[in-house]
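Please read the structure below before turning to the comments.
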Amino acid sequence: MTTATLEKAAAAEAPRKQKVILAEGNEAAALGVALARPDMVSVYPITPQSSLVEHLAKLIADGRMDADIVDAEGEHSVLSVLQGGALAGARTYTATCGPGLAFMFEPYFRTPGMRLPIVLTIVTRDGITPQSVWGGHQDAMTVREAGWIQVYCESVQEVLDTTVMAFKIAEHHDVMLPVNVCLDGNYLSYGASRVEMPDQADVDEFMGEKDVNWHVALDPLRPMAVDPLTGGTTGKGPQTFVRYRKGQCAGMQNALRVIEEVHADWAKRIGRSFAPLVEEYRLDDADFAIMTLGSMSGAAKDAVDEARDAGKKVGLVKIKTFSPFPVEALMKALGKVKALGVIDRSVGFRWNCGPMYQETLGVLYRLGRFIPSMSFIGGLAGADITIPHVHRVIAETEALLNGVAAPTEPVWLNEKD
C-alpha cells in the first residue's frame with residue numbers, strides 16, 4: 001500500500017472536524033441525547049434539571065431532534081411511559097433529580113428488573129428536609145441499590161460524551177440495564193464551558209443499528225407476559241426469581257467490561273477519551289491519596305498540583321463509574337498508597353460516613369493490608385468544595401502516615417470553613 005493510500009485511509013478513519021460551542025451542562029446533556037437519536041423522551045421539569053427539559057423541547061420544536069416528547073403529569077408517569085415505549089422497541093430517555101427521583105421510585109426499581117435500556121440523567125440534588133433545591137449527591141446515592149448503572153461526570157464536555165455512550169452501554173446484549181448519567185446540580189447543570197460537538201455521522205457510525213428490545217418486545221403476533229407475578233415459598237416461582245436476579249447481577253458485572261470497550265471505541269472514533277471506571281491522577285509515586293466523585297475533582301486536581309509543588313507526595317483517585325462499583329480497578333489504584341481520604345457530597349446515615357467511603361472500605365479489606373483511611377463530607381446543599389477545603393483533606397490524610405489515628409466520625413467540610 002502506498003504512502004498516499006495509507007494517509008487517505010487514516011484520514012477516512014479520523015473523526016470529522018468538530019464544531020465548538022459554549023454550553024451549560026444541562027444543554028450539553030440535551031445535545032448528547034439528540035446525537036443518540038432517541039425515539040421518545042418523556043419529561044417533567046424540576047430544579048436543577050428544568051433547563052435540560054427545556055433544551056430537549058426546543059431541539060424537537062426546531063426540528064433538530066426527531067423524537068416524540070411526552071409531557072407527563074409527574075415523574076412516576078414519566079418513567080412508566082418510557083417503559084411502554086422501550087417494550088415497543090423505542091430508544092428512550094428522561095431526566096430528573098431529588099424529589100422527582102423519589103416520586104418515580106416504583107417504576108425506577110422496576111426498570112432494571114425488566115432489563116429495559118433506558119437512559120436517565122440525574123442532575124444531582126441534595127435531599128430534604130431541611131428544604132434545599134441545590135446540588136449534592138444524596139438523591140443518586142440513595143437509589144444506588146436499585147439496579148441502575150451510575151456514572152458521574154466531572155466536566156460539561158464529559159456530560160455530552162458520556163450521555164451518548166450511555167445508550168450504547170445500556171443496549172449492549174451482555175448488559176441490557178438502564179443507565180444514570182449523573183451531573184452535579186448547579187455546578188455542571190448551570191456551569192457553561194467550551195464544548196466540542198461530535199459530528200452526527202461519526203456518532204451514527206459509533207452507535208450502529210438500533211437494537212433496543214431484542215429480548216422482550218410487545219408484539220400482537222407474539223403475545224407474552226411481561227413482569228408477571230413470580231416468587232413464593234417453593235417450586236419454580238422462587239427458582240425463576242433467583243434466575244432473574246442472578247441475570248441482573250451478571251449484567252451489572254458485564255457492564256464493567258462493556259463500559260471500557262465503549263469508551264475505547266468512542267476515543268477511537270471521536271478522538272476524546274475519559275477514564276471509564278477509575279482515573280488515577282499523579283498516583284504512581286504517591287504515598288497517599290484522596291478520592292473524589294463528580295465536579296469536585298477539578299478543584300481537587302488543582303489542590304493536588306499545589307501540594308505536589310510543596311513537596312507532598314499525594315495523588316488522586318476519581319471514580320467515574322460508581323455502579324457497578326469498580327472493585328478491581330480500585331484495588332489496583334489503592335494498592336499504590338499508604339493512606340486514603342475520601343470526599344463525599346452526601347451522607348450515609350447508617351454508618352455515619354460518606355456512602356463512597358463506606359463502599360471503599362470493602363475494597364480496602366480485599367487488599368489484604370491495612371491502609372488507614374478517613375471520611376470527609378462536604379458540598380452539601382450547594383456548598384462549595386474549594387481548593388482550601390481539599391488542602392485540609394490532604395493535610396489530615398497525610399497525618400495518618402505519621403501515626404495519627406483516623407477519627408471514628410467523618411470530618412464535615414463547610415461546617416466552619
Test side-chain contact (heavy atoms from CB on, under 4.5 Å) applied to Ile319 and Val151, Leu277, Leu330, the passing residue: Leu330
Under-4.0 Å salt bridge between Lys320 and Glu154: no
Pair Asp285 + Lys336: basic N to acidic O under 4.0 Å: no
Under 3.5 Å side-chain donor-acceptor pair for Trp266 and Asp161: yes
Reported NE2-to-OG distance for the pair His137 and Ser346, which is rounded to 0.5 angstrom: 7.5 Å
Distance in Å, Leu367 CG paired with Met331 CE, rounded so as to fall on 0.5 Å steps: 5.0 Å
SB check Arg16 Asp202 (cutoff 4.0 Å): yes
Any Val347 side-chain heavy atom under 4.5 Å of Ile377 side chain: yes
Donor on one side chain, acceptor on other, Tyr108 and Asn180, under 3.5 Å: yes
Donor on one side chain, acceptor on other, Gln18 and Arg272, under 3.5 Å: yes
Approximate separation, where rounding is to 0.5 Å, of Glu73 CD and Asp71 CG: 9.5 Å
Spatial distance of atom CD1 (Ile122) from atom CD (Gln150) [nearest 0.5 Å]: 5.0 Å
Charged N-O contact under 4.0 Å between Lys58 and Glu54: no
Separation between CE of Met296 and CE of Met291, rounded to the nearest 0.5 Å: 11.0 Å
Check: His76 main-chain N/O paired with Tyr44 side-chain donor or acceptor under 3.5 Å: no
Stacked cation flag Lys301 on Tyr281, 6.0 angstrom / 45 deg: yes
Side-chain donor-acceptor contact under 3.5 Å, His172 with Asn254: no
Ser51 and Glu27 side chains, donor-acceptor separation under 3.5 Å: no
Backbone N/O of Ala90 and side chain of Asp39: donor-acceptor pair under 3.5 Å: no
Heavy-atom closest pair, residues Ala140 and Leu101: N-CD2, 4.4 Å
Cation-aromatic face contact Lys168/Phe206, 6.0 Å, 45 degrees: yes
Nearest non-hydrogen partners of Ile169 and Val258, listed with the distance: CA-CG1, 4.3 Å
Heavy-atom side-chain contact between Tyr152 and Thr162 under 4.5 Å: no
Check ion pair Arg345-Asp184 (N to O, under 4.0 angstrom): yes
Basic-acidic side-chain contact under 4.0 Å: Lys318, Glu280: no
Lys332/Glu328 ion pair, N-O < 4.0 Å: no
Spacing of Thr230 atom OG1 and Phe241 atom CZ [to the nearest 0.5 Å]: 7.5 Å
Exercise: do Ser193 and Gln157 side chains pair donor with acceptor under 3.5 Å: no
